[in-house]
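Everything on this sheet refers to the single structure shown next.
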There are 2 protein chains.
Amino acid sequence: MSLIGKAVIAQGGGPTSVINQSLVGIIEEAKKYPEITRIYGALHGVEGIIHEDFIDLTQETRRNLDDVAHTPSSALLATRVKPDKDYCCEIFKVLKAHEIRYFFYIGGNDSSDTARIVDEYAKAEGYRMRVIHVPKTIDNDLCTNDHTPGYGSAARFVMQAFSGTNLDMRALGGIYIGIIMGRNAGFLAAAASAAKQYEDDGPHLIYLPERPFELDTFYKDVQEVYDRYGRCVIAVSEGIADANGVPIVTKYLEELEKDAHGNTNISGNGALGKLLADKLKNKLKIRRVRADTFGYIQRCFLGCLSDTDCKEAREVGEKAVQFSVLQEKDGSVSIRRIGNYAVQYDLVPFAAVAGLTKKMPDEFINDSGNNVTTAFRDYLRPLLGNGILKVARFRAPRVEKILYKE
Amino acid sequence: MSLIGKAVIAQGGGPTSVINQSLVGIIEEAKKYPEITRIYGALHGVEGIIHEDFIDLTQETRRNLDDVAHTPSSALLATRVKPDKDYCCEIFKVLKAHEIRYFFYIGGNDSSDTARIVDEYAKAEGYRMRVIHVPKTIDNDLCTNDHTPGYGSAARFVMQAFSGTNLDMRALGGIYIGIIMGRNAGFLAAAASAAKQYEDDGPHLIYLPERPFELDTFYKDVQEVYDRYGRCVIAVSEGIADANGVPIVTKYLEELEKDAHGNTNISGNGALGKLLADKLKNKLKIRRVRADTFGYIQRCFLGCLSDTDCKEAREVGEKAVQFSVLQEKDGSVSIRRIGNYAVQYDLVPFAAVAGLTKKMPDEFINDSGNNVTTAFRDYLRPLLGNGILKVARFRAPRVEKILYKE
């Protein structure tokens, strides 16, 4: 017998540029089924659930939903709360009180874990409820997923930023370091590689959390590139760590704050970039060394969207509803790549995603551990979407010198 | 008698996203006149001239010129050298040796000064040569110009970044500081104001070099906004200074390097952002304070273009050639705003632009000195170009609470 009742949607964790596509995908699809009697949105993720801060999304206009879909960041607002068992019990209590029969949680691996525990409570109490986790993260670090909604657009931002700074450094020379988000996985930093078009283009070096970072090797790598091209453009993942797993930024710096998850906050303070730039200046005696920390700009920059990412983010939302209503299943929606390039959506058990982190596989990282491979470039290409501006150079011949013949 | 000979084009100073539009505008227009026998490009600005590093742009294909035009950064590469009289004498010597009769220098107020001195040498020696300065700068600080090519696109980047971080902070709360380029003029930081759409949107505060920056006032301003909205989004120009004109970043920090012009380098190190974030955290006891330094991303980000800016950058290049060939004049091309909105191009004396800095006029800054006025918003609007994504919010009603009735 089909399950009739209300639905709740919530958004968890850091926002992305396309997380509202998934949200609107769920809403629009849910409207099609008489089984779903109302569609609620919880404000500020799970916090909104335990405080019963719901809005009735059934009372939104289609046109406004369209506009919200292409608006970056979480339209239902977000939370950094990582619920424990007791918190999940509270969530379940509220959902039950409101006769919620469909719970959709859009988020990363922490949100997947919350969905998993809430689902366990429902099953233990014999309360019939469908629970679906809908993937999102710019980090691209969810297991079972070929890639995650949100990654393609953030990757495109990183690519476009490096394309520009590479040209900037080509014009004026020097060393450039761009610090990119990704505490545990280097996928986003690796996306800088797509900026390279000509042989001498940057990024020349890419450092990822998947490989131990050694200052001496770093100096050597940079000096080699600088000697060759008169400049060096470097992409660095904020999560780089030494051979013992100690983050470089904590290894050399104090006074760091930790967030609610016990993670050191390394975005939005510029510490790692300044550290590496200072070290290069002192060691290599190169004067013009610049470091930018991409920080919060990279994940919600207005209008920097991969069309592929937008489409897929929308589709994981739609599929979430179809899996729950038509297949009456619980689990996490997952993206599988088929052909070159298309995707298929699966529903996988929460446990396959919850609390786990996918890292860059070995075949995506070069032997020296300071760049990506062609395999990664091939993997990334379709995710960036269409319509990226190509850069061009002059090809005109040199003019013969008159005064200072060589 | 019309002046027959070769032309040289050079690009100086920091690159912009549309500086190559001006370059290609000059090339395409120059090709139309038989007076101009060859079109040379000097590599790395004036350095390329004194080293006779020229390429023959007459031998470029139209299609490649089109591609170069929309490529960010200086396709002829740039220089930070600020020529003195002797250097300008060397420039003149080389130009004369190559029988250059048209010298086009695309750059800011320093480049305009170089053009002025070279023009003086030519006139003093009785060597017939047309010298034209073509304006560019993301800082928007050239006198006589209503605005400068390069500003609109950089302003659009700043606006789009703040639109995203405002939504990000709305979802997760806290304080956000974005540090924006502009050592002496606050136009670029002020562009963040265009991100505000709803009454509670950021940026809530904007600090400019045109007004003295006081830490105590800053604390008060931020606390007020934070108490009201539970978040605070702040745009800060890198050049903010105290009442005595001492830059805030040098007032509180040491270990700063200076560039060739004797200016303190305050981009690309994150120092000011970290300083302000730390001070807010300590003083206001607010935990989530993030600072991003926009750095080099903001001036050449691939594909972040104002169509208005592109068109005008192209036109100042075309007009440079027309003023020199058809009107046989020397000077600096300048943009004048007519109607709402169109522009007209004038040729003004070098001295009206050279070495001078235009600041934000008083009517663009609010009385408290911590935001812009409606007059500035009206001024900025057409410069950002068309096709900017609108952001949207849900307008759905709240659902009545069941468990925790208020």
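Just so it is clear, the structure is predicted and the values come from calculations on it, not from any experiment.
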Under 4.5 Å from a heavy atom of chain A, the part of [X] involved:
X        : answer
B/Leu305 : side chain
B/Ile19  : neither
B/Leu23  : side chain

*Should the ring pair A/Tyr296 and B/Tyr176 be called parallel, tilted or perpendicular, given that the plane angle runs from 0 to 90° and is split at 30 and 60?*
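A/Tyr296 vs B/Tyr176 ring planes: perpendicular.
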
Could you look at [X] and say if it's the side chain, the backbone, both or neither that has a heavy atom under 4.5 Å from chain B?
X        : answer
A/Arg393 : backbone
A/Glu400 : backbone
A/Leu43  : side chain
A/His98  : both
A/Leu276 : neither

With respect to chain B, which residue among [options] yields the maximal number of heavy-atom pairs within a distance under 4.5 Å?
options                                : value
A/Asp67, A/Val391, A/Asn64             : A/Asn64
A/Ala75, A/Gly173, A/Gly387            : A/Ala75
A/Gly178, A/Ser163, A/Gly41            : A/Ser163
A/His44, A/His70, A/Met169, A/Lys390   : A/His70
A/Gly303, A/Ala392, A/Cys300, A/Gly164 : A/Ala392

Does some side-chain heavy atom of [Y] sit less than 4.5 Å from a side-chain heavy atom of [X]?
X        : Y        : result
A/Asp292 : B/Phe294 : no
A/Cys304 : B/Phe301 : yes
A/Thr293 : B/Thr293 : no

*Can you name the ring-ring contact (aromatic ring centres under 6.0 Å, His included) partners of B/Tyr40, sequence neighbours left out?*
B/Phe54

Could you pull out the closest heavy-atom pair between [X] and [Y], with the gap in Å?
X        : Y        : value
A/Ile402 : B/Ala97  : CD1-O, 3.5 Å
B/Asp56  : A/Val399 : N-CG2, 3.7 Å
A/Glu90  : B/Tyr404 : OE1-OH, 3.2 Å
A/Leu302 : B/Met159 : CD2-CE, 3.9 Å
B/Ala171 : A/Ser73  : CB-OG, 3.7 Å
B/Ala396 : A/Glu60  : N-OE2, 2.8 Å

*Could you please spell out the steps behind the salt bridge (Lys or Arg N to Asp or Glu O under 4.0 Å) verdict for A/Asp53 and B/Arg398?*
CA-CA 7 Å; A/Asp53 279 334; B/Arg398 288 270 180 162; 3.1 Å; yes

*Are there more than 12 heavy atoms of other residues, nucleotides or ligands under 6.0 Å from atom CD of A/Gln197?*
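Counting other residues, nucleotides and ligands, CD of A/Gln197 exceeds 12 neighbours.
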
*Applying side-chain contact (heavy atoms from CB on, under 4.5 Å), run through B/Phe394 and A/Leu65 and close with a yes or a no.*
CA-CA 8 Å; B/Phe394 285 131; A/Leu65 288 174; 3.7 Å; yes

*Does any N or O in the side chain of B/Lys401 come within less than 3.5 Å of the main-chain N or O of A/His51, such that one atom is a donor and the other an acceptor?*
yes

*Is there a donor-acceptor contact under 3.5 Å from the side chain of A/Gln59 to the main chain of B/Pro397?*
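Pair absent, no side-chain N/O of A/Gln59 close to backbone of B/Pro397.
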
*asked:* As a quick check of understanding, evaluate salt bridge (Lys or Arg N to Asp or Glu O under 4.0 Å) for B/Asp168 and A/Arg299, giving each step before the final call.
replied: CA-CA 9 Å; B/Asp168 199 318; A/Arg299 69 182 182 193; 2.7 Å; yes

*Which of B/Ile177, B/Ile388, B/Leu172 touches chain A most, by non-hydrogen pairs under 4.5 Å*: B/Leu172

*Against chain A, work out which of B/Thr165, B/Thr61, B/Leu403 has the most heavy-atom pairs shorter than 4.5 Å and name it.*
B/Leu403

_For B/Lys196, side chain to side chain contact (heavy atoms under 4.5 Å, CB included) partners two or more places apart_ = B/Asp201, B/Arg377

